There are 2 protein chains.
Amino acid sequence: MEEYLKIIKSLSERTRIRILALLNQAQEVCVSEIVDTLEESQYKVSRHLKVLQEAGLVVGSKKGRWIYYQLNNNQVHFQDQILKAINYISSDILHKDLERLKTRLAKRVNNQCISGKTENYSESYQ
Amino acid sequence: MEEYLKIIKSLSERTRIRILALLNQAQEVCVSEIVDTLEESQYKVSRHLKVLQEAGLVVGSKKGRWIYYQLNNNQVHFQDQILKAINYISSDILHKDLERLKTRLAKRVNNQCISGKTENYSESYQ
DNA sequence: ACAACATATGCGTTTATTTGCATATATTTT
DNA sequence: AAAATATATGCAAATAAACGCATATGTTGT
């Protein structure tokens, strides 16, 4: 029961839902790209990613100085079903996130996250 | 988003999961039957039922002095998918709940919840 | 009308979660 | 080696949930 509860609890927070919805749209996204997409602080994103990782819903793989996160596809029924449910969420904020995600990913070079501040970056800290 | 979050949050608590799992097994169950099944206090069960009701996952219908609760079948994709996920939870505590539920429901007369304390009742308050 | 019963709720306390800041660790570039 | 960048984390403060008790509301049977 505890394990299931951990997974469900990991879903019950706004930022984490946004992260999952985002990862549903792109294969591998690194932390700074998520930060720019959500327009949230780096430590906030980092914390929430950790919660999702501990629940086993996402996995991160380090490549150089970046850590790319993606949905953990190695799941059983329960997790699978839960993630499917997330797909049915339709919300203005998620649509806007998706727009910003596209913009941010378009800046990649050789399909790698770019270094340094992007134009959006400073906006993230309004 | 808020509405989805409310639903997800309503799932992220042990007692509420137990209630949903229980209602997945029986059509209409009244509060005292749930109390005996979960071996939790009446006010605790009552509170949690309210949270589930506010999230729209369960509905209660009053019949005389009893209120029978059941899953809200009048759902859209998201809720439906979420409730399906709950069905995949396999846990010792849920199995035991199911045993006690059977015992308790067997005491019904004319398929109606019985009045007064049952043998189990006092145990509920150990 | 009264007693017994079924369920809900107000409120203060406890417990859990999230936030923000500062800072740590690790990697890359110069 | 120093500077810049990417990500993570310890800790205290703020916020949110859950709990327990007592009690309220409504129903039924006598």
Side-chain angles (χ1 to χ4, degrees), chain A residues 2 5-6 8-19 28-38 40-55 58-69 104 107-109 112-118 121-122 124-126, chain B residues 2 5-6 8-19 28-38 40-55 58-69 104 107-109 112-118 121-122 124-126:
Chain A
E2 295 315 312
L5 214 45
K6 191 174 193 173
I8 297 171
K9 282 189 177 181
S10 81
L11 293 170
S12 64
E13 202 274 341
R14 192 187 180 75
T15 309
R16 294 199 291 266
I17 293 286
R18 292 173 72 197
I19 293 175
E28 295 190 304
V29 188
C30 70
V31 181
S32 51
E33 289 169 334
I34 299 176
V35 166
D36 285 358
T37 298
L38 304 190
E40 293 284 357
S41 63
Q42 180 267 318
Y43 54 82
K44 194 170 171 180
V45 169
S46 192
R47 290 272 158 96
H48 287 306
L49 277 170
K50 187 174 189 187
V51 176
L52 291 172
Q53 194 169 35
E54 281 176 350
V58 308
V59 289
S61 57
K62 190 159 186 168
K63 289 180 186 165
R65 81 172 90 182
W66 290 287
I67 300 177
Y68 290 85
Y69 282 90
R104 187 59 166 85
K107 293 180 180 166
R108 284 192 179 182
V109 178
Q112 287 199 325
C113 186
I114 56 165
S115 213
K117 299 183 192 300
T118 71
Y121 194 75
S122 55
S124 310
Y125 296 93
Q126 67 281 29
Chain B
E2 295 316 311
L5 214 45
K6 192 174 194 173
I8 297 171
K9 282 190 177 180
S10 81
L11 293 171
S12 62
E13 203 275 342
R14 192 188 180 76
T15 309
R16 293 200 290 268
I17 293 285
R18 292 172 72 196
I19 293 175
E28 295 190 304
V29 187
C30 70
V31 181
S32 52
E33 289 168 333
I34 298 176
V35 167
D36 284 357
T37 298
L38 304 190
E40 294 284 354
S41 63
Q42 180 267 317
Y43 55 82
K44 193 169 171 179
V45 169
S46 194
R47 289 276 158 95
H48 287 305
L49 276 169
K50 187 172 188 191
V51 176
L52 290 171
Q53 194 168 36
E54 282 176 349
V58 308
V59 289
S61 56
K62 191 160 185 168
K63 290 180 184 167
R65 82 173 88 182
W66 291 285
I67 300 177
Y68 290 85
Y69 282 90
R104 188 60 166 85
K107 294 178 180 167
R108 284 192 180 184
V109 178
Q112 289 199 325
C113 185
I114 57 167
S115 212
K117 300 185 192 300
T118 71
Y121 194 75
S122 56
S124 312
Y125 296 94
Q126 67 280 29

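This structure is a prediction, so every number in the text was calculated from the model and none was measured.
- Interatomic distance, A/R16 CZ to A/K44 NZ, rounded to the nearest 0.5 Å: 11.0 Å.
- Counting all heavy atoms, side chain and backbone alike, A/Q42 lies closest to A/V35 at CA-CG2, 3.7 Å.
- In this structure, B/L52 atom CG and C/dA8 atom P are separated by 12 Å, rounded to whole Å.
- Put simply, the side chain of B/Q112 does not reach to within 4.5 Å of the side chain of B/K63, judged on heavy atoms.
- Between the P atom of C/dT28 and the CH2 atom of A/W66 lies a distance of 9 Å, rounded to the nearest Å.
- For the atom pair A/E33 CD and A/Y69 OH, the distance stands at 13.0 Å (nearest 0.5 Å).
- In terms of phosphate contacts, B/S32 brings no side-chain nitrogen or oxygen within less than 4.0 Å of OP1 or OP2 of C/dC5.
- B/R65 pairs by the salt bridge (charged side-chain N to carboxylate O under 4.0 Å, His left out) definition with nothing, not counting sequence neighbours.
- Protein atom CG of B/D36 is 14 Å distant from nucleotide atom P of C/dC5, rounded to whole Å.
- To the nearest 0.5 angstrom, A/I67 atom CD1 is 7.5 Å from A/S46 atom OG.
- Residue A/I8 holds its CD1 atom at 3.5 Å from CD1 of B/I17, rounded to the nearest 0.5 Å.
- The distance from atom CD of A/E33 to atom P of D/dA6 is 10 Å, rounded to the nearest whole Å.
- Here the P atom of nucleotide C/dT29 and the CD atom of A/Q112 are 10 Å apart, to the nearest Å.
- Contact between the side-chain N/O atoms of A/K50 and the OP1/OP2 oxygens of D/dT9 is found at a separation under 4.0 Å.
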Review item, nucleotides 2-4 of chain C N/O atoms under 3.5 Å of protein N/O:
none

Using the 3.5 Å cut-off, write out each protein N or O paired with an N or O of nucleotides 11-18 of chain D and the distance between them.
residue : atom : partner : partner atom : Å
D/dC11  : N4   : A/R47   : NH1          : 3.3
D/dA17  : OP1  : B/K9    : NZ           : 2.8
D/dA18  : OP1  : B/R16   : NH2          : 3.0
D/dA18  : OP2  : B/R16   : NH1          : 3.4

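- Contact annotation for B/C113: no contact, since no heavy-atom pair falls under 4.0 Å across all strands.
- When the C1' atom of D/dC19 is taken as reference, atom CZ of B/R14 falls 15 Å away, rounded to whole Å.
- With contacts defined as side-chain heavy-atom distances shorter than 4.5 Å, the pair B/R104/B/S32 qualifies.
- The CD atom of A/E54 sits 12 Å away from the C1' atom of D/dT9 (whole-angstrom rounding).
- In this structure, B/Y69 reaches the sugar-phosphate backbone alone: every heavy-atom distance under 4.0 Å involves primed, P, OP1 or OP2 atoms, never a base.
- Taken to the nearest 0.5 Å, the CD1 atom of B/I34 stands 12.0 Å off from the NE2 atom of B/H48.
- The side chain of A/S115 has D/dT5 as its nearest neighbour among D/dT5, C/dC5, C/dA8.
- Contact between B/Q53 and B/G60 at its shortest, heavy atoms only, is NE2-N, 3.3 Å.
- A close approach under 4.0 Å does occur between a side-chain nitrogen or oxygen of A/Y43 and OP1 or OP2 of C/dC21.
- Per the geometry, CD belonging to B/Q42 stands 12 Å off C1' belonging to D/dA24, to the nearest Å.
- Judged by closest nucleotide on DNA chain C, B/C30 is the one of B/C30 and A/K63 placed further toward the 5' end.
- Picking from D/dT27, C/dA26, C/dT9 the nucleotide with the shortest atom distance to the side chain of B/K62 gives D/dT27.
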